[in-house]
Amino acid sequence: MRGRIDQQGNVFHTFILDDLIPEHHPLRPVKVRADRILADMSRKFRRAYGKTGRPSVPPERLIKALLLQALYSIRSEIQLCEQIGYNMLYRWFLDMQPSETVWTPEVFSMNRERFDQHEFIRDFFDRVVQDAIFEGLVSDEHFSVDGTLIQSFGSMKSLRPIDGKDKKVSDGSDDNDPGNPTVNFRDQKRTNQTHRSLVDPEARLFRKGKGKPALLSHSGHVLMENRNGLCLDIALGQADGWAERESAWNMLIDTWRRHDLWPSTLGMDAGYVDGAFLHELEQEGVVPHVPIPEGPIRGEGEGSQARRRARRRKRHKGYAISQRIRKRIEEIFGWFKTVGGLARARFVGRWKIKQQAEIAGAAYNLLRMARRVLAG
């Protein structure tokens with residue numbers, strides 16, 4: 001007998017959201033960990049909000065919504081709020097009732113400065129790392145570090161001379177199209193010394209390598225532990241070619257202060273071959289595993305000696321293992337850019353991009369830890 005669609009439908013439905021979610025869905029262990037961490041942060045949330053006035057959207061719910069945005073590659077906060085409205089999985093993850101009204105996207109904008117001032121996202125990321133350390137998932141001996149470029153929200157059309165009078169991108173256009181103006185850069189040499197972006201002044205022109213185009217970018221950096229490829233720290237800096245070594249050192253210091261971890265080895269690529277940096281690491285008990293290029297190493301200073309020692313380590317088995325595992329950090333960058341939405345920044349302002357990177361790092365770690373639970 002052929003079935004028929006009931007066009008009238010029911011007025012009321014009785015069900016429990018938890019029953020709709022598959023038992024082995026990867027969001028289940030992510031939710032358990034996130035809820036436990038956010039419950040521990042309750043006192044910090046309480047200090048950041050006043051005791052009078054209209055109740056706000058719970059900060060726990062906003063942080064979990066940002067986790068969903070990173071995990072499911074939702075391209076904007078407008079679309080995030082829209083999907084929370086009709087997606088029962090998202091409502092279950094956020095502990096929302098099926099009939100509960102979703103907040104507007106402006107709530108994220110209104111709370112972003114508060115989150116930065118009280119370091120909610122950073123604290124959440126650190127607590128995820130602390131959970132991994134407590135469960136024995138983090139190596140306390142072998143780390144890796146690397147950097148990447150995050151393309152700026154501003155376009156190349158927004159570049160103007162530093163001493164120019166233009167205030168908007170359309171000011172220097174060749175037509176009357178303010179939405180997508182035509183800008184002619186013929187016979188102009190655009191450099192970081194002469195030009196700045198009107199949209200994102202903190203961005204700098206930088207190229208990945210020879211033959212690559214120079215794009216407005218920020219530099220992103222990750223410190224990874226080698227046991228399970230978890231992200232221990234994230235830093236954002238200026239794309240100038242020097243930020244990698246400075247950020248690597250700062251991330252090591254921050255990880256030691258926050259988690260009492262100091263590695264015995266540090267895997268790196270050829271961007272970290274500076275002798276002074278290698279010598280500084282050795283002075284603090286860290287053995288650098290870095291591919292020193294072939295050719296003569298001139299000089300007898302401490303930096304030159306550190307580079308010679310690094311070249312001799314290339315013959316050791318430990319160096320080969322470190323360099324093989326170091327490639328996992330590219331998986332983190334790949335996930336950040338293809339899934340976490342960091343191929344091109346959504347925001348103007350490095351502190352906002354850093355928030356986005358930290359929530360992506362927390363989501364990445366939670367997902368890797370959840371997979372271990374499901375696999376076990």
Side-chain angles (χ1 to χ4, degrees), residues 30-31 34-35 37-87 89-128 150 152-154 158 167-169 197-203 218 220 234-236 336 340-342 344-363 366:
V30 170
K31 185 179 188 302
D35 286 344
I37 291 171
L38 291 169
D40 292 339
M41 293 174 62
S42 178
R43 184 177 299 177
K44 186 168 188 174
F45 293 144
R46 197 180 305 119
R47 289 196 299 265
Y49 288 83
K51 297 181 179 179
T52 59
R54 294 173 57 189
S56 69
V57 178
E60 300 94 331
R61 188 166 283 176
L62 293 178
I63 291 174
K64 287 167 71 176
L66 292 174
L67 281 177
L68 286 174
Q69 186 177 21
L71 288 168
Y72 286 92
S73 306
I74 302 173
R75 64 177 179 267
S76 70
E77 290 159 357
I78 295 175
Q79 191 181 56
L80 173 62
C81 292
E82 177 186 330
Q83 293 193 23
I84 292 172
Y86 58 73
N87 192 317
L89 174 67
Y90 294 176
R91 284 179 172 269
W92 165 81
F93 187 77
L94 299 175
D95 298 310
M96 294 179 65
Q97 298 300 322
S99 59
E100 193 171 347
T101 304
V102 184
W103 61 89
T104 62
E106 289 77 15
V107 171
F108 291 104
S109 301
M110 291 187 292
N111 282 275
R112 192 166 287 119
E113 287 190 17
R114 189 200 304 268
F115 278 29
D116 180 66
Q117 179 183 355
H118 296 276
E119 296 188 327
F120 287 165
I121 304 297
R122 179 71 215 194
D123 191 22
F124 181 77
F125 172 81
D126 286 337
R127 288 172 186 263
V128 172
I150 300 174
S152 168
F153 180 83
S158 67
K167 300 298 182 183
K168 298 183 295 184
V169 177
S197 169
L198 297 177
V199 175
D200 189 359
E202 290 182 306
H218 302 274
I234 297 171
L236 266 290
F336 278 13
L342 280 164
R344 183 167 188 171
R346 294 194 188 104
F347 307 108
V348 172
R350 201 170 291 152
W351 66 274
K352 297 179 186 178
I353 305 172
K354 189 170 185 290
Q355 276 191 1
Q356 183 185 354
E358 287 169 350
I359 201 70
L366 286 169

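The first residue in the sequence is number 1, and the count goes up from there. Quick note: numbers below take in every heavy atom, side chains included, and nothing from hydrogens, waters or symmetry partners. Keep in mind that this is a model prediction, so the values were computed, not measured.
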Review point. Atom CD of Gln356 and atom CG of Leu342: how far apart are they, to the nearest 0.5 Å?
Key: 4.5 Å

Point to revise | Derivation of the salt bridge (Lys or Arg N to Asp or Glu O under 4.0 Å) call for Lys64 and Asp35 | key: CA-CA 9 Å; Lys64 287 167 71 176; Asp35 286 344; 2.7 Å; yes

Exercise for review: Could you give me the CA-CA distance, side-chain angles and deciding distance for Ile121 and Leu66, then say whether side chain to side chain contact (heavy atoms under 4.5 Å, CB included) is met?
Suggested key: CA-CA 10 Å; Ile121 304 297; Leu66 292 174; 4.2 Å; yes

Study note, to complete from the structure: Correct closest heavy-atom pair for Ala34 and Leu67 would be CB-CD1, 4.2 Å

Practice item. Evaluate the side-chain proximity of Arg61 to Met96: yes if any heavy-atom separation is below 4.5 Å, no if none is. Key: yes

Exercise for review: Would you please classify the geometry between the Tyr49 ring and the Phe120 ring as parallel, tilted or perpendicular, with 30° and 60° separating the classes?
Suggested key: parallel

Check your understanding: Is it true that a side-chain atom of Arg114 and a backbone atom of Ala48 form a donor plus acceptor pair closer than 3.5 Å?
Key -> yes

Study note, to complete from the structure: Here the pair of heavy atoms bringing Arg91 nearest to Gln97 is NH1-O, 2.6 Å

Exercise for review: Would you please test Arg112 and Phe347 for side chain to side chain contact (heavy atoms under 4.5 Å, CB included) and show each step?
Suggested key: CA-CA 11 Å; Arg112 192 166 287 119; Phe347 307 108; 3.5 Å; yes

Practice item. Take Tyr72 and Asn87 through the side chain to side chain contact (heavy atoms under 4.5 Å, CB included) test and state the conclusion after the steps. Key: CA-CA 12 Å; Tyr72 286 92; Asn87 192 317; over 6 Å; no

Check your understanding: Where do Arg344 and Phe153 come nearest, in terms of heavy atoms and distance?
Key -> NH2-O, 3.3 Å

Review point. Could you give the distance from CG (Asp123) to CZ (Phe115), rounded to the nearest 0.5 Å?
Key: 12.0 Å

Review point. What heavy-atom pair brings Cys81 and Val102 nearest, and what distance separates the two atoms?
Key: O-CG1, 3.6 Å

Practice item. Output, in order, the C-alpha distance, side-chain angles, deciding distance and verdict of salt bridge (Lys or Arg N to Asp or Glu O under 4.0 Å) for Lys31 and Asp95. Key: CA-CA 10 Å; Lys31 185 179 188 302; Asp95 298 310; 3.0 Å; yes

Check your understanding: Do Asp126 and Arg122 pass the salt bridge (Lys or Arg N to Asp or Glu O under 4.0 Å) test, and can you show the C-alpha distance, the side-chain angles, and the key distance before you say yes or no?
Key -> CA-CA 6 Å; Asp126 286 337; Arg122 179 71 215 194; 3.0 Å; yes

Exercise for review: Decide yes or no for Gln69 and Tyr90: does some side-chain heavy atom of the first lie under 4.5 Å from some side-chain heavy atom of the second?
Suggested key: no

Exercise for review: Verify, without hydrogens or angle tests, whether Arg346 (side chain) and Arg75 (backbone) share a donor-acceptor contact under 3.5 angstrom.
Suggested key: yes

Exercise for review: Say whether, by atom type as modelled, one donor and one acceptor occur between the side chain of Glu202 and the main chain of His218 under 3.5 angstrom.
Suggested key: no

Review point. Do Glu106 and Thr104 meet the criterion of a side-chain donor-acceptor pair at a distance under 3.5 Å?
Key: yes

Point to revise | Exercise: identify the closest heavy-atom pair between Ile353 and Ala345 | key: CD1-CB, 3.7 Å

**Study point:** Atom pair CD (Glu113) and NZ (Lys352), whose distance is rounded to the nearest 0.5 Å
**Key:** 7.5 Å

Check your understanding: How many angstroms lie between CD in Gln117 and CH2 in Trp351, if you round to the nearest 0.5 Å?
Key -> 10.5 Å

**Study point:** Non-hydrogen side-chain atoms of Glu358 and Phe124 separated by less than 4.5 Å
**Key:** no

Exercise for review: Find out whether Ile234 and Phe336 are in side-chain contact, i.e. whether some heavy atom of one side chain is under 4.5 Å from a heavy atom of the other.
Suggested key: yes

Practice item. Taking Asn111 for its side chain and Val107 for its backbone only, find out whether a donor-acceptor pair lies under 3.5 Å. Key: yes

Point to revise | Residue pair Trp103 / Phe108: nearest heavy atoms and the distance that separates them | key: NE1-CE1, 3.3 Å

Check your understanding: Do the side chains of Leu94 and Leu68 get nearer than 4.5 Å, heavy atoms only?
Key -> yes

Exercise for review: Decide side chain to side chain contact (heavy atoms under 4.5 Å, CB included) for Ile63 and Phe45; before the verdict, give the C-alpha distance in whole Å, the side-chain angles of both, and the deciding distance to 0.1 Å.
Suggested key: CA-CA 12 Å; Ile63 291 174; Phe45 293 144; 3.9 Å; yes

